[in-house]
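Just below is one structure, and these are the notes that go with it.
Both backbone and side-chain heavy atoms feed into the values below; hydrogens, waters and symmetry mates do not. Bear in mind the structure is a predicted one, so any value in this text is a computation, not a measurement.
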Amino acid sequence: QVQLVESGGGLVQAGGSLRLSCTASGRTSSSYATGWFRQAPGKEREFVTAVRWSGGSTYYGDFVKGRFTISRDNAKNTVYLQMNALKPEDTAVYYCAAGRVVGPSAMWRDWDKSMYEVWGQGTQVTVSS
């Protein structure tokens, strides 16, 4: 089983940038996808972005495409979330998660939190106006 640890959250002014990291340990697999989700108080946990370990395909939620970029460093077992042009509405706890891609890979729902089996504890991102 893989374990995930997020880091890089903090307080930033609107328009600023942050880079979040999610480092995996344990029994990683090339069949995993790693996703980023965020949750603000009183709101549902929503999909931000995801990357497949095998092949590196990326997926983005409508909220963040064009501002956020996901990348991975296989040697470090780390996934990064580069967030630019941050807005106050980006304020949330950001979680990374891992799930095994099973069945036809094209049908695996990267955007669906129910697909993910392992979650980090989250890192707080606060964007001031």
Side-chain angles (χ1 to χ4, degrees):
Q1 184 85 315
V2 64
Q3 294 83 47
L4 305 175
V5 178
E6 305 101 328
S7 63
L11 175 65
V12 65
Q13 290 186 320
S17 299
L18 284 173
R19 190 192 195 197
L20 307 184
S21 299
C22 176
T23 299
S25 61
R27 296 184 179 182
T28 58
S29 171
S30 63
S31 67
Y32 270 77
T34 299
W36 286 96
F37 293 78
R38 68 186 187 185
Q39 188 166 23
K43 295 185 177 180
E44 298 290 330
R45 189 169 298 188
E46 65 181 352
F47 173 71
V48 179
T49 182
V51 63
R52 304 283 183 91
W53 284 103
S54 178
S57 298
T58 58
Y59 308 87
Y60 292 92
D62 293 339
F63 305 93
V64 298
K65 190 172 184 179
R67 297 188 296 124
F68 294 3
T69 303
I70 190 169
S71 62
R72 78 193 203 282
D73 186 333
N74 288 4
K76 296 181 179 180
N77 286 329
T78 298
V79 172
Y80 302 98
L81 177 60
Q82 179 67 47
M83 304 187 293
N84 299 323
L86 284 162
K87 304 174 181 179
E89 53 262 44
D90 295 319
T91 295
V93 177
Y94 284 71
Y95 299 90
C96 65
R100 289 186 295 273
V101 179
V102 296
S105 61
M107 303 302 293
W108 200 80
R109 302 188 296 275
D110 301 79
W111 47 265
D112 187 345
K113 61 181 179 290
S114 70
M115 299 291 100
Y116 295 85
E117 302 159 359
V118 181
W119 293 80
Q121 65 181 5
T123 185
Q124 177 71 47
V125 172
T126 302
V127 184
S128 62
S129 58

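- Note: Q13 CD to S129 OG = 9.5 Å, rounded to the nearest 0.5 Å.
- The one candidate from V93, L20, L11 that meets the side-chain contact (heavy atoms from CB on, under 4.5 Å) condition with V125 is L20.
- The minimum heavy-atom distance linking A24 with V2 is given by the pair CB-CG2, 3.5 Å.
- Taking CG from L18 and CD from Q82, the interatomic distance works out to 8.5 Å, rounded to the nearest 0.5 Å.
- Under the 6.0 Å cut-off for aromatic ring centres, Y116 and F37 qualify, their centroids lying closer than that.
- Applying the ring-ring contact (aromatic ring centres under 6.0 Å, His included) definition to pairs two or more places apart or across chains, none involves residues 64-106.
- For the pair F47 and D112, the minimum side-chain heavy-atom distance is 4.5 Å or more.
- W36 approaches V79 most closely through the heavy-atom pair NE1-CG1, 3.7 Å.
- Nearest approach of L4 to A98, heavy atoms of both residues: CD1-N, 3.6 Å.
- Smallest separation of non-hydrogen atoms from Q124 and A92: NE2-O, 3.4 Å.
- Looking only at side-chain heavy atoms (C-beta outward), D90 and R67 come within less than 4.5 Å of each other.
- Expressed to the nearest 0.5 Å, how far CD of Q3 lies from CG of N77 amounts to 11.5 Å.
- T34 and C22 make their closest contact through CG2-SG, 4.4 Å (heavy atoms, listed as atom of the first residue, atom of the second, distance).
- Closest non-hydrogen pair, T123 versus E6, comes out as CG2-CB, 4.0 Å.
- Under 3.5 Å, the side chains of T126 and T91 contain no donor-acceptor pair of N or O atoms.
- Side chain of R72 to main chain of W53: a donor-acceptor pair is present (N/O by atom type, distance under 3.5 Å, no hydrogens or angles).
- Residues V51 and Y59 fall into different hydrophobic clusters, defined by Ile, Leu, Val, Met, Phe, Trp and Tyr side chains chained together at heavy-atom separations under 4.5 Å.
- Counting only residues at least two apart or in different chains, salt bridge (Lys or Arg N to Asp or Glu O under 4.0 Å) contacts with residues 113-129 comprise R100-E117.
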- request: Show your reasoning for whether side-chain contact (heavy atoms from CB on, under 4.5 Å) applies to E46 and R38.
  value: CA-CA 5 Å; E46 65 181 352; R38 68 186 187 185; 2.6 Å; yes
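- Both W119 and W111 are part of a single hydrophobic cluster, where members link through side-chain heavy atoms under 4.5 Å apart.
- For the atom pair S57 OG and I70 CD1, the distance stands at 11.5 Å (nearest 0.5 Å).
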query: What do the steps show when you test V101 against R52 for side-chain contact (heavy atoms from CB on, under 4.5 Å), and what is the final call?
result: CA-CA 9 Å; V101 179; R52 304 283 183 91; 3.8 Å; yes
